[in-house]
Number of protein chains: 2
Amino acid sequence: MSKHLTKRAEDYSKWYNELIVKADLAENSAVRGCMVIKPYGYAIWENMQAELDRMFKETGHENAYFPLFVPKSLFEAEEKNAEGFAKECAVVTHYRLQNDPDNEGKLRVDPEAKLEEELIVRPTSEAIIWSTYKKWIQSHRDLPLLINQWANVVRWEMRTRLFLRTAEFLWQEGHTAHATKAEAVFESKQMQDVYANFAENFMAMPVVKGAKSESERFAGAEATYTIEALMQDGKALQAGTSHFLGQNFAKAFDVKYTSKEGKQEYVWATSWGVSTRLIGGLIMTHSDDAGLVLPPKLAPIQVVIVPIYKGEEQLDAISERVNVFVKELRGKGVSVKFDTRDTMRPGAKFAEYELKGVPVRVAIGNRDLENGTVEVARRDTFEKQTINQVDLVEHVTKLLEEIQENLFTKALNYRDSHITEVNSFEEFKEVIENKGGFVSAHWDGTIETEDKIKELTKATIRCIANDAKKEDGVCVFTGKPSTERVLFAKAY
Amino acid sequence: MSKHLTKRAEDYSKWYNELIVKADLAENSAVRGCMVIKPYGYAIWENMQAELDRMFKETGHENAYFPLFVPKSLFEAEEKNAEGFAKECAVVTHYRLQNDPDNEGKLRVDPEAKLEEELIVRPTSEAIIWSTYKKWIQSHRDLPLLINQWANVVRWEMRTRLFLRTAEFLWQEGHTAHATKAEAVFESKQMQDVYANFAENFMAMPVVKGAKSESERFAGAEATYTIEALMQDGKALQAGTSHFLGQNFAKAFDVKYTSKEGKQEYVWATSWGVSTRLIGGLIMTHSDDAGLVLPPKLAPIQVVIVPIYKGEEQLDAISERVNVFVKELRGKGVSVKFDTRDTMRPGAKFAEYELKGVPVRVAIGNRDLENGTVEVARRDTFEKQTINQVDLVEHVTKLLEEIQENLFTKALNYRDSHITEVNSFEEFKEVIENKGGFVSAHWDGTIETEDKIKELTKATIRCIANDAKKEDGVCVFTGKPSTERVLFAKAY
């Protein structure tokens, strides 16, 4: 594989695909649409999981695990959900292979081992979970039920892209049950806040919090709350959603509780999820033509130390000094790698860690040993600085915070300069086509107009922002009256 | 559901199933053979995972993620593996459902959406992983490759039991590649040691380390190293296995590397795994007629504090004191629950936490407040002690260690008193039938004898223990010469 990485300006999509493979994050597998997440990519996911899991537990949720398979009949129970999810998915029809009598050494499906009822590989777990909740919920004392699951799901996508849209992906799905509508609405908005907090404070990825229009809602939801991020190429990315499901699933699966007053009531539900798609968002928020740029809070390696030496004696002298720094930095919770490989020159190592987005690189050579100095380079700005060894630990820990902040500020400035208010459809098309980003426009509130705009421009309503202020205006497309602006964009 | 738990002596198997449901660990789902792991059971698995994951990383392994599906043709590549695993498994044949034209509101498989090649839901991942390693391994510099995966797998078992044998289960599977045979053998034995260390020091479950006889080996392995535990009913449980795979998978998938000397060589492989089955082992090692008994190191709740009060005022006074203990204990890394529910009497709470195996229970009432005392009860021995509040934190932390140790010692004594040397087949049958446990016997080393013994007694060779000393003798069944004893038992 060539070391050359396509430039973003040349072909953003090609840059993205190449970067993922060259930075050792993931690759396509022998199974159509399914990816292999390589150790370096998976380490980012583990860091994301750890933080999200902590946030879920802090807000009172517990993890559990439900079956991979959903019997077909359970999908039929909630009509909209079936419409939305049960169509393009992997279907298990048989439970045995046998030696193929016509083809020595080959296997074939055993025709005798046909399942009575087909099993669907879960595209999402509402159906199997709500059929279980029916057994778990009897009384108001069983509520709220606050459960999360970390799992793999499968959706038979025709056009796939690493991390952004794959047939199998990893995610978490929260499924909660509540006694009142108000509690369920509160929960769904709370989880939107948790996601926004994670995106902004850990991924350094600014997001707009908002509600989906009816046609973009989750099948079976009464409201879908979303966090929408903006990628460097001007396209939006739906990064996480939280659904208020009303009583739809409770009614479909007959889940009732006895209230304090002794009445039988249907419970209220939410579900919410984020997936390995976030890694795609992380890449397209910060990375550059030299490779990946990772925010320190999620970087598997925060600091790499590269020795510059000739011969083993010099390496030994450098190592002795470096091992002290490594210990000190690890003591402060910093993830450090000391790269002593003798099969690669320092320049090649520098390029490798740039490609892999390691936030801080420290180089130390023979002269540094004499002078008591080291060279510190930051990945986000490429700035280099020679500092005293005694200041290293403090300098690096501060620098990591600074990089985290700088990445967020940079992404926020880009995002904020790419929210454009338009007041005519001409302007709308012009901005969507040439500038990209979010277009803030009045809309008449109908699905017809939304569909028509999508057809003509490929832009969809990303959300009605939570902080959209009321403002009288007219729909950019139909001229009909409108009371607030919504955000349109082309999206991943 | 009745609160009554069947006694072990009455019906061990019934006790096991009831306990799992009553202690809120897991339950059967709407999908044949697949279980729902409930939050309390899943919390035990999370504690197991955290510790194992730490051990794997300490021994140089990284996590990655490979596809859920394996194309049928990849299974055909390694013949023995195909024989062993590709038969009883879930097969995906279609990728779409559609509305059933003959049955309004129902779905059916879309006959047009048939896959060209069937996909098998992974029963284990050697095939998909080795087809990937072919791309990753070129040079000796790419070795060793030390990768682990946390995943769900599916094996179409006909007779399933919660945790012990389920169609879908959660596990980790390590898959490593090495330049030399010696390194691969070392790795497979090292991981057996890691498993044994985890079983004994965290699960408090003594294990015998040994090698499997040829007929009990993993399909495609040249050696299978196992850890074998003994359950309270005298049956053995295979708790974890580590396989030296030789060059079988490297040859099947053509994975070669260029050695330092510039030669093309096949790589050497290992794989190793433990699963949610461990939870079954944990239950059957320690629990009793009152319910679950959990070793403190894996207990989701290590200490529960139950207030005994009349009226809110008393509860407030107790809470004020207890909150200080809770904070101090958490500061020491102890997981504490303060149960202030007003919907349940203290006695009912005591019974609940006994059932759930919480290692230490602290009760505090109005009189304790006056006297500066608390009552501390341990789950393993039911001993109760009144101690001074000022000593609580130190007492409890020590007690947790003591309980951990006591559980191990108790299980070890039971296990050691259930390894019986026999020198005739009459004795063999007598012990297997009436006493249970491991039978240490001479065996002539043939599969025929092994099969015959299994047929007659249901006992199988659990392992040839690592510490089996050389000793001349004659096979208990055929009278042919033998040089070492092997361990037989009935097994789960």
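Chain letters run A, B, ... following the sequence lines, proteins first, then strands; residues in each count from 1. All of these numbers come straight from a predicted model, not from anything done at the bench.
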key: Ion pair A/Lys135/B/Glu27, N-O distance below 4.0 Å   =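 Salt bridge between A/Lys135 and B/Glu27, a charged N being under 4.0 Å from a carboxylate O: yes.
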
key: Salt-bridge criterion met for B/Arg108 and A/Glu118 (N-O under 4.0 Å)   =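 Looking at A/Glu118 together with B/Arg108, the answer is no, because their closest N to O distance does not fall below 4.0 Å.
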
inquiry  = Given heavy-atom pairs under 4.5 angstrom as the criterion, report whether the side chain, backbone, both or neither of A/Leu68 touches chain B.
reply    = both

remark   = The interface call for A/Leu170 against chain B, heavy-atom contacts under 4.5 Å, is side chain

Is any side-chain heavy atom of [X] less than 4.5 Å from a side-chain heavy atom of [Y]?
X	Y	value
B/Ile37	A/Phe66	no
A/Leu97	B/Glu88	no
A/Val109	B/Lys72	no

Those residues of residues 39-55 of chain A, ordered by number, that approach chain B below 4.5 Å (heavy atom to heavy atom) = A/Pro39, A/Tyr42, A/Glu46, A/Asp53

ask   = Hey, which residues of residues 140-156 of chain A are touching chain B, say heavy atoms under 4.5 Å apart?
value =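 Against chain B, the residues of residues 140-156 of chain A that fall inside the cut-off (heavy atoms, under 4.5 Å) are A/Arg141, A/Ile147, A/Asn152, A/Val154, A/Trp156.
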
message = Is B/Leu107 in contact with chain A via its backbone, its side chain, both, or neither, using a 4.5 Å heavy-atom distance?
response = both

ask   = Should the heavy atoms of other residues, nucleotides or ligands under 6.0 Å from CD of A/Glu104 be counted, would the total exceed 12?
value =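 Not buried by this count: 12 neighbours or fewer within 6.0 Å.
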
inquiry  = Below 4.5 Å, heavy-atom pairs only: which of A/Thr93, A/Val31, A/Asn63 has the largest tally toward chain B?
reply    =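 The option with the most such pairs is A/Asn63.
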
inquiry  = Under a 4.5 Å cutoff for heavy-atom pairs, which residue among A/Ala113, A/Cys89, A/Ala26 has the most contacts with chain B?
reply    = A/Cys89

